[in-house]
Amino acid sequence: MERIIFHVDVNSAYLSWNAVWDLQHGSSLDLRTIPAIVGGDPESRHGIVLAKSSPSKKYGIKTGETLFSALMKCPDLKIVPPRYSMYLKASDAMVEILREYSPVIERYSIDECFMDMCHIRKEDAVSVATGLKDRILKELGFTVNVGISTGKLLAKMASDLQKPNKVHTLYKEEMAQKMWPLPIEDLFMVGPRTAEKLRKMNIHTIGQLANTDPSFLHERFKKYGHMISCYARGIESSTVKNEGTVEMKGMGNSTTLPFDFTDRISCHNVLLSIGETLVPRLRRAGKKAKTLSVHIRYSDFTSISMQNTLPFSSDSTSLLMEEACALFDDMWNGEPVRHLGISFAQLEDRFREQLSLFPDHKSEKMKKMDQVMDLIRKNFGEEALIRATFLHSPVRAFSGGVVEKDYIFMNSHL
DNA sequence: TCTGGGGTCCTAGGACCC
DNA sequence: TCTGGGGTCCTAGGACCC
């Protein structure tokens, strides 16, 4: 029996959510109706476009470009800062509604969900999706696109067809008409690099890709070639993965520094501050890490990474950060540093203790200290406790993660 | 006023063992 | 001194997604 899958995609998510929040808190201006973007702070070198309103699209503004460049295209552009914790609440509020329609929902990202809708009839799909879309608009104040098909890939391609506030179907029999004329880079998993290579091979549309010999694509692009060949022909059969059923493979945190750092100690402090949010997150996820990697981006934008697999796995902030600093010292060439990151891989369950013949009193103590610090911060706030090394340092004691504090619960009615 | 941050997966090469 | 192949694990980098 054929499946029915919905893909729900919030239109200009960050910008819409900012707009709705502002309206609900007394603003008379709807950001969605003017050239506006959500953007980072150029002062701290986070100045890129994160989301844009549709009027700003008319100026040719693209997600990911610099605010400087966006302002050149539209000097009157309204720029608002991101509010990540509010986005999480908005996303949760939407998922709560989706759950009334299906027990199997996969949160693909903060603003996209797949829904297994196999319990409805194909001929009812469009009206159910339309009802869902309209309800989200009425109750939460923002628009979504809903894509409908028999699989996740085509549902996702469908939700991308025409925006905003639309329901589209993209069944196999509609591919030739709706999907194949599209440019190659519109296909899921074909990014700018691959699109360029394909164009050089005279493949410009998804239809042309679908008609290219799969074995040729496999030869040229290996496994990846086989995959995009299947995608172009609508072949894909993965299931909708309910929340909590997907195992976390890795976890990381990184940050662009407000200016280039040229001394080792400041870089170490940044790594420590990343660890102060990252390792507690690891512990909250019930994991410990066996592999740790450090990433450096230099001021010329070249970047390097190095990883180290420990003989055991750990969730101790002090131990892991000691490793991170040691790795940094190994790999740093002394050039100015623009960006630093740490990530963990080979995660294991936290409570699967590896017994040691000789109890290590130092690590026992460090583990207890981590627990106490987690507890104090949970009860008294993140900044109730900071490492002494940050007292006289320009580096903030915490970096990455969610920093929004002034959130007021999102009103579900306008 | 040049270019964010959090993920996943794949590849190629090397180490090491049998 | 030179010559094998298979399997597994690790590493650095790069592609893609949002």
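In what follows, chains carry the letters A, B, and so on, assigned in the order in which the sequence lines appear, proteins first and then strands, with residues in each chain numbered from 1.
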Could you state the [atom1]-[atom2] distance from [X] to [N], rounded to the nearest angstrom?
X	N	atom1	atom2	result
A:L340	B:dG4	CG	P	14 Å
A:Y298	C:dG13	OH	C1'	15 Å
A:K249	C:dC17	NZ	C1'	15 Å
A:K222	C:dG13	NZ	P	20 Å
A:L50	B:dT3	CG	P	13 Å
A:D186	C:dC17	CG	C1'	15 Å
A:Y231	C:dC17	OH	P	11 Å
A:R45	B:dT3	CZ	P	7 Å

Of all heavy-atom pairs between A:V337 and A:L257, which one has the smallest distance, and what is that distance?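 Scanning both residues, the minimum pair turns out to be O-CD1, 3.5 Å.
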What's [X] touching, base or sugar-phosphate or nothing? Going by heavy atoms closer than 4.0 Å.
X	value
A:S343	nothing
A:E65	nothing
A:Y224	sugar-phosphate
A:G250	sugar-phosphate
A:R281	sugar-phosphate
A:G40	nothing

Does A:R338 place a side-chain N or O at less than 4.0 Å from the phosphate oxygens OP1/OP2 of B:dT3?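 For B:dT3, OP1/OP2 do have a side-chain N/O of A:R338 under 4.0 Å.
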Phosphate OP1/OP2 of B:dG4: any A:H339 side-chain N/O under 4.0 Å: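 Result: no.
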Would you check if there is a donor-acceptor pair between the side chains of [Y] and [X] at a distance under 3.5 Å?
X	Y	value
A:S266	A:D263	yes
A:E174	A:T169	yes
A:R281	A:T277	no
A:S293	A:S305	no

Syn or anti for C:dC2, with syn set at within 90° of 0?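 That one's anti.
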Regarding A:D329 and A:R264, does a basic nitrogen lie under 4.0 Å from an acidic carboxylate oxygen?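 Here A:D329 pairs with A:R264 in a salt bridge, since their nearest N and O are under 4.0 Å apart.
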Give me the ring orientation class for A:W17 and A:Y87: parallel if the planes are under 30° apart, tilted from 30 to 60°, perpendicular past 60°.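 Geometry flag for A:Y87 against A:W17: tilted rings.
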Mind listing the N/O atom pairs, protein and nucleotides 7-12 of chain C, below 3.5 Å?
| unit_1 | atom_1 | unit_2 | atom_2 | d |
| --- | --- | --- | --- | --- |
| C:dT11 | OP2 | A:Q307 | NE2 | 2.9 |
| C:dT11 | OP2 | A:T309 | OG1 | 2.5 |
| C:dA12 | OP2 | A:Q307 | N | 2.6 |

Identify the residue among A:R283, A:K287, A:K288 that makes a salt bridge (Lys or Arg N to Asp or Glu O under 4.0 Å) with A:D349.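 Filter result, single survivor: A:K287.
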Verdict with reasoning, A:E323 to A:N308, per side chain to side chain donor-acceptor pair (under 3.5 Å): CA-CA 8 Å; A:E323 286 296 324; A:N308 191 8; 3.1 Å; yes
Within 45° of the axis and under 6.0 Å from the centre of the six-membered ring of A:F114, does NZ or CZ of A:K152 qualify?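 Ring-cation test returns yes.
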Within 45° cone and under 6.0 Å: A:R83 NZ/CZ vs A:W21 ring: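 Checked: cation-pi criterion met.
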Whichever of A:T63 and A:M248 has its nearest DNA chain B nucleotide further upstream toward 5':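 Nearest nucleotide further toward 5': that of A:T63.
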On DNA chain B, does the nearest nucleotide to A:H46 precede the nearest nucleotide to A:F221 from the 5' side, or the other way round? Give the residue.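 Between the two, 5'-proximity favours A:H46.
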Could you work out which one of [options] sits closest to the side chain of [X]?
X	options	value
A:S109	B:dG4, C:dC18, C:dC16	C:dC18
A:T66	B:dT3, B:dG4, C:dC16	B:dT3
A:D111	C:dC18, C:dC16, B:dG5	C:dC18

Counting distance only, does the side-chain N/O of A:T205 pair as donor-acceptor with the main-chain N or O of A:Q208 below 3.5 Å?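 Answer holds: yes.
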Could you work out the separation of C:dG4 and B:dC16 based on their C1' atoms and round it to a whole Å?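 It works out to 16 Å between them.
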Taking Watson-Crick and G-U wobble pairs with both distances under 3.5 Å, convert DNA chain C into its dot-bracket string, 5' to 3', dots for unpaired and | for cross-strand pairs. ....||||||||||||||
Of A:L132, A:I136, A:V167, the residue whose pairing with A:V144 passes side chain to side chain contact (heavy atoms under 4.5 Å, CB included):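 Between A:V144 and the candidates, side chain to side chain contact (heavy atoms under 4.5 Å, CB included) is satisfied uniquely by A:I136.
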Rounded to the nearest 0.5 Å, how far does NZ of A:K52 lie from CZ of A:R32?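 Taking CZ in A:R32 and NZ in A:K52, the distance rounds to 16.0 Å.
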Of all residues at least two apart in sequence or in a different chain, which pass the side chain to side chain contact (heavy atoms under 4.5 Å, CB included) check with A:D92?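 So A:D92 forms a side chain to side chain contact (heavy atoms under 4.5 Å, CB included) with A:R107.
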Close residues, residues 67-80 of chain A, relative to DNA chain B [heavy-atom separation under 4.0 Å]: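 A:F68, A:L71, in order of number.
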I need the residues from residues 144-167 of chain A with at least one non-hydrogen atom less than 4.0 Å from DNA chain B; give them sorted by number, or say none.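 Close to the strand, none.
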What residues form a ring pair (Phe, Tyr, Trp, His ring centres under 6.0 Å) with A:H168, not counting sequence neighbours?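 Scan of A:H168 (ring pair (Phe, Tyr, Trp, His ring centres under 6.0 Å), adjacent residues dropped) gives none.
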